[in-house]
Amino acid sequence: MNLLSKILLLSLSSTVVIAKSNDRKTTNTRRPNILFVINDDQSHIHTSFAGSHFVNTPGFDKVATNGIYFTNCYAGSPGSAPSRSSLVTGRHHWQNEQAGQHASSWIKKYIPFVDLLKANGYYTGYTGKGVDPFQYARNEADSLWRTQNAAGKAYNKHKYEKDTPHDSRTANGISRINYSENFRDFMQQRKDHQPFYFWYGSSEPHRAYEKGSWKRNGKKLDQVDIPGFIPDSEEIRGDMLDYAVEIEWADSHLCQMINHLDSIGELNNTIIIVTADNGMPFPRAKANCFEYGIHIPMAISYPNGFPAGRRVDDLISFIDLAPTILELAGIKPEGMQPLSGKSIVNILKSEKSGLIDKNKKYVFAGRERHSSSRWNNLGYPQRAIRGTEYLLIWNIKPERWPAGAPQAMNKKTGEIYPMYGLDQKGVHHPEWAFTDVDAAPSKSYLIENYNNPEIHPFFKLAYTKRPEFELYNVNSDPYCLNNLSGKPEYKEIEHEMKTELMKELKKSADPRVTGPEKEIFDTYVRYSPTRNFPKPDWQE
């Protein structure tokens with residue numbers, strides 16, 4: 001544990017003692033405050049509360065210890081924009097047209113719950129990354145697009161100064177936005193006793209990382225738990241430690257926000273929700289509907305309202321958060337598009353642990369275009385259904401490369417780059433191939449060593465084509481390595497999950513199923529940079 005974490009843990013421990021000194025059952029007629037915390041690219045297992053040996057998260061751990069820890073929370077998508085869209089609208093991302101797709105535009109009719117909170121007296125705002133990446137209109141004259149970020153009004157003026165050695169940050173590559181100072185600024189501007197809703201969107205642990213930052217932050221290579229879908233090497237261990245440094249930075253600002261709430265007497269009346277938008281930015285995790293792509297951390301506390309110290313195993317979806325928050329605030333979702341999610345307030349207020357609401361058997365996720373990674377800007381459409389034991393993934397276009405095309409083209413000259421992005425010296429160029437995987441030492445390590453018999457199986461897992469259906473027992477196979485689809489002994493399970501998946505897709509009018517424009521998602525304008533790729537052999 002580094003010095004910063006020790007200091008914050010000590011201060012946070014005193015916070016908890018103070019909070020517990022007040023009687024949680026005291027009558028409170030004030031509406032609850034809400035602090036919503038969402039990290040960028042963090043898998044479910046990577047908190048110290050969940051048992052990670054190389055990540056220390058005292059802020060998350062305190063929320064989980066003094067509230068409710070959810071073991072089975074699932075993002076709406078393994079990519080940030082569609083996942084955040086499903087969260088704030090209470091709808092599957094495929095229901096939200098452009099407003100559910102990565103780097104497209106936000107249409108006004110898809111009203112996020114923050115608008116209703118604001119209209120009903122809540123003081124609202126956000127710091128860091130909001131509901132992004134989306135294109136928002138520059139002025140109110142635009143009748144189609146939303147102008148304000150779907151997370152609310154931005155509070156981002158406080159930043160760490162440039163050109164100072166590491167300028168108080170633990171690593172270069174970390175955002176210069178001072179999240180906790182912006183939260184204090186937000187709190188100072190609200191009216192006395194006005195309920196607030198604040199979105200803290202950490203840009204961490206999104207890449208890029210400062211390579212080797214772990215070395216000066218008190219971490220060691222032997223601490224790392226390597227997931228089974230990537231090889232164990234010093235290069236990858238170091239990459240994961242750099243990832244951990246960024247998670248801890250995000251958590252340190254959460255600690256400061258909790259301490260500030262305690263210092264002004266608002267901690268007991270504040271619902272704190274801590275999660276992440278999708279999984280870790282490593283091969284076969286982020287931008288994939290496997291466990292490490294959509295299974296994310298979740299802890300919720302509310303000293304004045306929720307029985308604490310519980311571990312809940314119910315399946316929770318991001319689409320459930322909008323109806324939950326609105327119910328807690330006493331607001332009906334009037335004006336929003338019809339919600340697909342269901343409130344979990346009954347679970348939050350229960351005294352029980354384990355599986356509480358046995359009526360919910362499945363949650364759902366999906367993916368369309370993530371980055372610009374294929375010919376004609378095509379995506380890799382997936383739909384997924386997760387039960388208490390099994391995960392079924394439907395790869396709708398299995399002829400496409402899941403991690404992006406293995407070769408890109410030079411935009412100016414039309415030159416086709418070498419296969420897998422390897423130059424004549426065997427050095428990998430991240431922008432030349434498989435660009436749905438973020439540029440990273442781990443990505444390059446797999447590609448540069450793909451001919452090594454020990455590494456090649458991991459290369460195949462991350463980059464090669466996949467069958468139309470995949471079925472995994474995630475309890476015995478959390479890394480999703482053993483595809484059970486098509487095996488006779490799992491026929492009934494697979495049939496039931498396919499049936500339930502199609503039922504949900506039809507109910508939610510997914511264009512991929514109900515049509516008539518089944519390819520509509522690939523036609524939406526992408527406002528982030530695009531790349532060129534050669535025409536694939538399967539395209540006429």
Side-chain angles (χ1 to χ4, degrees), residues 36-44 70 72-104 106 110-114 129-134 150-151 199 201 273-280 285-298 314-326 333 336-344 360 362-370 379-387 391-394 396 501 504-505 507-513 521 524:
F36 188 86
V37 181
I38 182 166
N39 288 353
D40 199 357
D41 298 357
Q42 180 182 352
S43 291
H44 65 291
F70 290 90
N72 285 312
C73 182
Y74 286 83
S77 173
S80 60
S83 186
R84 291 168 189 246
S85 171
S86 68
L87 192 159
V88 300
T89 63
R91 296 161 56 85
H92 300 299
H93 72 85
W94 56 79
Q95 295 180 284
N96 292 343
E97 297 177 275
Q98 292 96 324
Q101 306 309 313
H102 195 276
S104 196
W106 193 284
Y110 295 107
I111 298 172
F113 67 78
V114 65
K129 182 175 180 177
V131 181
D132 289 298
F134 284 103
W199 168 298
I273 304 171
V274 190
T275 188
D277 59 357
N278 53 253
M280 59 191 284
K286 178 183 176 181
N288 292 274
C289 284
F290 301 121
E291 277 288 284
Y292 275 68
I294 58 175
H295 192 173
I296 39 87
M298 171 72 81
D314 292 58
L315 292 164
I316 306 299
S317 170
F318 261 21
I319 64 173
D320 299 329
L321 293 178
T324 299
I325 289 171
L326 290 174
M336 296 179 70
Q337 295 294 315
L339 305 185
S340 296
K342 303 296 181 184
S343 169
I344 61 167
K360 189 173 187 178
Y362 298 109
V363 291
F364 305 88
R367 168 193 172 185
E368 284 292 335
R369 184 170 59 212
H370 181 66
Y380 188 77
Q382 293 181 304
R383 300 292 183 264
I385 175 172
R386 171 68 153 89
L391 168 69
L392 176 78
I393 302 171
W394 178 26
I396 300 172
L501 175 60
E504 182 69 17
L505 297 181
K507 179 182 175 182
S508 58
D510 184 349
R512 287 286 182 191
V513 172
F521 299 107
Y524 293 139

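The OG atom of Ser83 sits 11.5 Å away from the CD1 atom of Ile319 when rounded to the nearest 0.5 Å. To the nearest 0.5 Å, the span separating CD1 on Ile296 from OG1 on Thr275 amounts to 3.0 Å. Distance CD1/Ile385 to SG/Cys289: 12.5 Å, rounded to 0.5 Å. Going from atom CZ of Phe113 over to atom CD1 of Ile325 covers 3.5 Å, rounded to the nearest 0.5 Å. Taken from CH2 in Trp94 to OG in Ser77, the straight-line distance is 9.0 Å, to the nearest 0.5 Å. Separating the CE atom in Met280 from the OG atom in Ser43 is a distance of 5.5 Å, to the nearest 0.5 Å.
Side-chain atoms of Thr324 come within 3.5 Å of backbone N or O of Ile344 as a donor-acceptor pair. Using modelled atom types, no side-chain atom of Trp106 and backbone atom of Asp132 make a donor-acceptor pair closer than 3.5 Å. The main-chain N or O of His93 is never found under 3.5 Å from a side-chain atom of Ser86 such that the two would form a donor-acceptor pair.
Applying the side-chain hydrogen bond (donor to acceptor under 3.5 Å, both in side chains) test to Asn39 and every residue at least two apart in sequence or in another chain returns Gln42. Listed by chain and number, the residues in a ring pair (Phe, Tyr, Trp, His ring centres under 6.0 Å) with His102 are His370 (sequence neighbours excluded). By the ring pair (Phe, Tyr, Trp, His ring centres under 6.0 Å) test, Tyr380 pairs with no residue at all, sequence neighbours left out. Under the side-chain hydrogen bond (donor to acceptor under 3.5 Å, both in side chains) criterion, Ser85 pairs with Asn96, not counting sequence neighbours. Listed by chain and residue number, nothing satisfies the ring pair (Phe, Tyr, Trp, His ring centres under 6.0 Å) test with Phe364 (two or more places apart in sequence, or in another chain).
Checking each of Glu368, Arg512, Arg367 against Gln382 for a side-chain contact (heavy atoms from CB on, under 4.5 Å) leaves exactly one that passes, namely Arg367. Of the residues listed (Phe318, Trp199, Tyr110), the one engaging Val88 in a side-chain contact (heavy atoms from CB on, under 4.5 Å) is Trp199, and it is the only one.
Within the 4.5 Å cutoff, the side chain of Leu87 has heavy atoms near those of the Phe36 side chain. Counting only heavy atoms from C-beta outward, the side chains of Trp394 and Leu501 approach each other to under 4.5 Å. With a 4.5 Å cut-off on side-chain heavy atoms, Phe521 and Gln101 count as touching. Side-chain contact between Pro323 and Pro333 is absent, with no heavy-atom pair separated by less than 4.5 Å. Using a 4.5 Å heavy-atom cutoff, the side chains of His92 and Leu505 are not in contact. Between Thr89 and Gln95 the shortest side-chain heavy-atom distance does not fall below 4.5 Å.
With salt bridges taken as basic N to acidic carboxylate O contacts below 4.0 Å, none links Asp320 and Lys342. The pair Asp510-Arg383 counts as a salt bridge, with a side-chain nitrogen and a carboxylate oxygen less than 4.0 angstrom apart.
You'll find the ring centres of His44 and Tyr292 inside the 6.0 Å limit.
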From CA spacing to verdict: side-chain contact (heavy atoms from CB on, under 4.5 Å), Asn72, His295: CA-CA 7 Å; Asn72 285 312; His295 192 173; 3.8 Å; yes

Derivation of the side-chain contact (heavy atoms from CB on, under 4.5 Å) call for Ser80 and Lys129: CA-CA 10 Å; Ser80 60; Lys129 182 175 180 177; 3.4 Å; yes

Derivation of the side-chain contact (heavy atoms from CB on, under 4.5 Å) call for Phe70 and Asp314: CA-CA 7 Å; Phe70 290 90; Asp314 292 58; 5.6 Å; no

side-chain contact (heavy atoms from CB on, under 4.5 Å) assessment of Met298 paired with Leu321: CA-CA 11 Å; Met298 171 72 81; Leu321 293 178; 4.0 Å; yes

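The nearest pair of heavy atoms linking Ala151 to Gly130 is CB-CA, 3.9 Å. Between Val363 and Ile316, the shortest heavy-atom distance links the atoms CG1-C, 4.0 Å.
Other residues, nucleotides and ligands contribute more than 12 heavy atoms inside 6.0 Å of the NZ atom of Lys360.
Pairs engaging residues 91-103 under the salt bridge (charged side-chain N to carboxylate O under 4.0 Å, His left out) rule: Glu97-Lys109 [sequence neighbours left out].
With 3.5 Å as the limit, one finds a donor-acceptor pair spanning the side chains of Asp41 and Asn278.
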